[in-house]
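Note sheet for the following structure.
What's counted below: heavy atoms across the whole structure, side chains too, no hydrogens, waters or symmetry copies.
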Amino acid sequence: MLALTRKKGEALVLNNNIEVTILEIRGDQVKIGVSAPKEVPIYRKEVYLQIQKENEEAANTQHLDVLKSVL
């Protein structure tokens with residue numbers, strides 16, 4: 001993991017086309033802005049993990065349905 005220190009108004013550039021800017025710092029909260037092409041999905045990590053979990057469950061269910069239909 002790369003750890004960086006940024007101040008309000010400073011930014012990071014990822015992969016030449018994604019910019020992450022520090023918009024506001026208030027106490028222990030940091031508000032960030034992300035500029036990226038439309039085709040780049042952006043999720044909060046807890047939402048991303050939930051999507052991954054649901055995709056795994058759906059894939060497992062589909063495999064069971066296929067096995068049931070074969071048997």
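- At a cut-off of 3.5 Å, with distance as the only test, a side-chain donor of Gln50 or Glu54 sits close to an acceptor on the other residue.
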Donor-acceptor contacts under 3.5 Å from residues 19-37 side chains, at least two apart:
unit_1, atom_1, unit_2, atom_2, d
Glu19, OE2, Thr21, OG1, 3.3
Glu24, OE2, Arg26, NE, 3.0
Glu24, OE2, Arg26, NH2, 2.4

May I have the list of side-chain donor-acceptor pairs in residues 5-15 shorter than 3.5 Å, sequence neighbours left out?
unit_1, atom_1, unit_2, atom_2, d
Arg6, NH1, Ala11, O, 3.4
Glu10, OE1, Lys7, N, 2.7

